[in-house]
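As the structure is a computational prediction, the values presented were derived from the model and not from experiment. Whatever order the structure lists ligands and atoms in, that order sets their numbers, starting from 1.
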Amino acid sequence: MHLSHTEVQDALREAVAGFLEKSADAEAIRRAEPLGWDPKVWDGLTGIGVPTLGVAEEQGGSGATLRDLAVVAEACGARLAPAPVVETMVAARLLARVAGTDTSGAAASALDTLAQGGEPVALAVRPATNGVATLVPGAAVADAVVALDGEDLVLVVRNDLPGSPSNLGSAPLADVSVTGEGCTVIASGPEAVAAHAIAVDEWRALTARWLVGLARDAQAIGIQYAIDRKQFDVPVGSFQAVQHRFADLATDLDGADLLSNKAVWALDVGDPVATSFPTMAFWFAGDTAQRVAAWALHVHGGYGFMEEYDIQLHFRRAKATRLLLGDPRRELQALAELLWGDEATGPIPGSAFRPTHGTGSVDSPAQATGDDGGGYDFRLGPEVEAFRAEVRAFLAEHVTEEVIETAHHTGTIHDWGLHTKMAEAGWISAGWPAEFGGQGRSPLEMNSLSEEMYLSGAPVDGLGVASLVAHTLLIDGTEWQKQTIIPEILSGQAMCCLGYSEPDAGSDVASVVTKAVCDGDQWTINGQKMFTTLAHEAHYVFLLTRTNTEVAKHKGLTMFVVPMDTPGISFTPVHTMGGERTNITYYDDVKVDDRYRVGEVDGGWKVMMTALVFERNSAWYGELVRLLDHGLTWARDALSPDGGVMIDDPLVRERLARIAIGNEVSNLLGWRAAWMAANHTLPGVEGTMAKLFTTEHYQFAGNELIDALGADGLRRHGDPSAGADLAHGWIEAIYRHCQVTTIYGGTSEVLRGIIAERGLQLPRNR
Ligand SMILES: Cc1cc2nc3c(=O)[nH]c(=O)nc-3n(C[C@H](O)[C@H](O)[C@H](O)COP(=O)(O)OP(=O)(O)OC[C@H]3O[C@@H](n4cnc5c(N)ncnc54)[C@H](O)[C@@H]3O)c2cc1C
């Protein structure tokens with residue numbers, strides 16, 4: 001896995017961005033309206049070799065990969081470059097693809113003209129109807145247009161340019177006749193249709209990159225305005241209503257960034273996942289860019305509507321670009337067909353949609369390391385895949401339906417039998433160094449373990465909490481704790497629970513009042529904690545206490561890791577709507593030796609921060625996949641009102657497709673955090689984004705699916721009437737359960753605040 005550009009790609013981006021910064025400032029873009037065309041910009045990009053960059057050298061190009069073209073597309077999107085760059089780059093590749101079989105020689109000739117510094121070539125992304133390709137992007141300023149007419153790929157070369165209808169995005173669109181003078185058929189039959197389809201997918205993926213560039217610039221403009229503009233004596237960017245919207249959109253935008261890079265990569269390496277990713281990326285990047293631009297405009301108040309302000313330029317183009325393929329909801333239908341239609345060639349044919357990291361097939365040793373020299377690469381590499389396969393086989397054997405059901409019925413998301421077997425197999429300590437008896441597995445391997453656990457339906461809370469306590473002790477604990485408590489946890493003997501929340505301290509956890517008073521080498525603890533999940537199974541509680549009331553509340557906290565069998569600790573159960581059991585814990589004159597203190601006296605907040613990073617970086621996305629699996633199980637079985645099955649109902653398909661896209665975004669945000677950890681960067685904000693997106697999307701998906709089931713969605717999991725055709729009522733159960741995921745581990749509001757202030761540098765909220 002590799003989630004950054006190569007140096008060469010960075011240099012290419014710099015070259016394009018540097019040129020555009022000088023030649024395509026906002027005034028130049030305004031001057032280029034209404035046609036959206038600036039010949040000087042085109043000449044400059046031609047000088048850098050952009051139009052035929054992606055064509056093989058022997059055909060007059062530079063042999064660049066699609067990933068190389070993607071950095072050009074993004075840079076052009078970020079400057080709203082008034083020239084049909086993506087269209088021409090893609091059309092050039094299409095011409096190159098058919099030139100060898102085109103007996104007319106027209107394709108080769110058009111390519112040659114382009115390579116000599118000619119005018120743009122446009123691609124009709126929608127097939128012609130009745131002999132006309134309508135609103136072809138770039139066609140109003142292009143010398144040639146490539147269009148699909150039935151099964152004919154037609155090259156339209158013209159001497160006179162058609163007029164461009166005045167349009168929302170000020171883009172050089174034109175209606176183009178594909179018959180008559182100047183029109184040459186350059187390919188025919190299924191091959192022509194297939195070649196056009198590849199070109200349209202390349203256009204989708206590169207346009208998604210273009211939209212990400214646009215959206216990043218729109219976001220930056222909006223944030224800067226929100227920092228500069230004061231109302232009520234403070235920057236408007238310090239208002240929570242403003243911050244939270246920015247945080248959501250920034251998270252979506254990072255998701256769109258990753259998804260579009262994955263689409264480009266998949267096409268580049270010819271991975272089977274390429275079939276669905278360009279459509280996903282185009283839909284999601286379009287949706288995100290439109291919302292980012294709309295919000296950036298809104299945050300300008302009335303000024304955003306003034307033509308004089310730049311943000312309206314982004315706003316209009318974001319929407320216009322998204323519509324070039326037609327109604328975006330039809331893209332969702334197209335995606336559903338790719339994933340679940342009769343001809344579906346999805347990543348795992350015939351099974352539920354389960355996003356992959358590629359085929360795992362490796363063509364060269366360089367690819368094995370996840371670095372084929374091409375930049376972004378989403379393959380995990382053979383080592384991680386082998387480990388993952390081992391884990392999957394283990395879980396398939398040990399995570400039985402009984403284990404899953406028991407966890408659900410007891411509400412205790414932990415299974416001692418499974419936990420012990422995992423310890424014996426070395427999975428609990430797998431990510432730890434040899435000195436702790438571990439296997440030194442990388443963060444990528446550990447993320448795949450965690451992902452496989454969620455995918456299998458394993459009860460994961462116990463392992464998750466125990467691991468986060470162990471990791472925090474490794475960073476902030478004493479030598480004695482490292483030598484004593486960590487081995488107990490890693491060997492599977494000791495379970496932990498988290499004693500942070502109190503009746504009056506939830507999100508504002510720094511205001512805890514559970515008191516720890518020092519007396520020599522001993523502490524006496526008194527207080528009450530709410531929601532101490534797993535307290536009834538745990539050997540240790542990671543306990544946040546108040547040790548100083550004379551200082552600011554964050555500065556008077558101390559953390560302990562207290563044995564649960566210490567006299568004075570008791571608990572009562574709390575049962576929840578989602579079925580999970582948690583507890584209230586009471587601490588009554590609990591005597592704790594100082595060796596159980598973690599970190600400095602009054603230094604508990606620092607320990608808490610470390611622990612929270614580990615808590616938010618969990619690979620929850622597996623739960624989303626299981627939910628979608630349940631939805632698919634139902635949709636393939638249940639009858640629709642017209643007598644078919646629900647999976648063929650467009651309403652249902654659209655919901656499923658929308659969920660599948662969000663699942664993939666969640667997956668990518670989670671893997672980005674793991675990749676950063678593998679590269680020795682603590683993914684604070686990025687892990688927060690992953691948690692925010694995943695849990696919000698989980699609720700969205702749960703809501704969509706229970707609605708799709710309609711009245712049958714009411715049947716409760718476990719009721720005999722909720723049979724296999726209703727996925728055993730799991731959608732109902734998940735609908736209840738998913739509500740809590742945006743609460744624990746930090747509520748979505750708290751996470752948005754972190755993203756806004758730490759990630760986007762918006763002024764502190766008051
Ligand atoms: C099933 C379950 C298991 C749990 N397990 C544990 C556990 O093991 N250990 C543990 O310590 N805790 C646990 N918790 C507690 C959980 O961490 C808290 O519920 C959570 O931190 C929120 O605190 P609260 O419930 O007091 O809500 P509050 O903090 O009172 O929040 C109420 C609402 O106000 C919003 N809000 C609060 N502050 C802000 C703000 N600054 N800006 C905007 N909105 C805000 C919140 O987002 C929320 O919507 C668990 C909770 C549940 C439900």
(request) Give a yes or no on whether D521 atom CG has more than 12 heavy-atom contacts from other residues, nucleotides or ligands under 6.0 Å away. (result)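 No, because the 6.0 Å sphere around CG of D521 holds 12 heavy atoms or fewer from other groups.
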(request) Could you tell me whether Y225 atom OH has more than 12 heavy atoms of other residues or ligands within 6.0 Å of it? (result)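 Yes, because the 6.0 Å sphere around OH of Y225 holds more than 12 heavy atoms from other groups.
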(request) May I ask whether atom 32 (C) of ligand 1 is less than 4.0 Å from at least one protein heavy atom? (result)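 For atom 32 (C) of ligand 1 the answer is no, since every protein heavy atom stays at 4.0 Å or beyond.
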(message) I'd like to check atom 43 (C) of ligand 1 in this structure: does the protein have a heavy atom lying under 4.0 Å from it?
(response)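 Answer yes: something from the protein, a heavy atom, is under 4.0 Å.
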(message) Given 3.5 Å as the limit, does a donor-acceptor pair link the side chain of K553 with the main chain of V512, or not?
(response)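 It does not hold such a pair.
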(message) With a 3.5 Å distance limit and no angle check, can you tell me whether R752 reaches the backbone of R245 through a side-chain donor-acceptor pair?
(response)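 Here the side-chain-to-backbone pair does not exist.
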(message) Heavy atoms only: which of G746, A538, S501 lies closest to atom 18 (C) of ligand 1?
(response)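 Among G746, A538, S501, the closest heavy atom to atom 18 (C) of ligand 1 comes from S501.
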(request) For atom 25 (O) of ligand 1, state which one of Y744, F531, F542 supplies the nearest heavy atom. (result)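 Ranked by closest heavy atom to atom 25 (O) of ligand 1, first place is F531.
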Per-atom contacts, ligand 1 versus [X] - under 4.0 Å to a heavy atom:
{"X": "L498", "answer": "7 (C), 8 (O), 9 (N), 10 (C), 11 (O)"}
{"X": "T533", "answer": "3 (C), 4 (C), 5 (N), 6 (C), 7 (C), 8 (O)"}
{"X": "V740", "answer": "1 (C), 52 (C), 53 (C)"}

(request) Measure T747 to ligand 1 on non-hydrogen atoms and call it side chain, backbone, both or neither using the 4.0 Å cut-off. (result)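 Within the 4.0 Å criterion, T747 contacts ligand 1 through side-chain atoms alone.
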(message) I need the contact type for K529 against ligand 1. Using non-hydrogen atoms and a strict under-4.0 Å cut-off, is it side chain, backbone, both or neither?
(response)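 Looking at K529 and ligand 1, no heavy atom falls under 4.0 Å.
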(message) Suppose we measure from atom 26 (O) of ligand 1 to each protein heavy atom; which comes out shortest, and what is that distance?
(response)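 Result: G506 CA, 3.2 Å.
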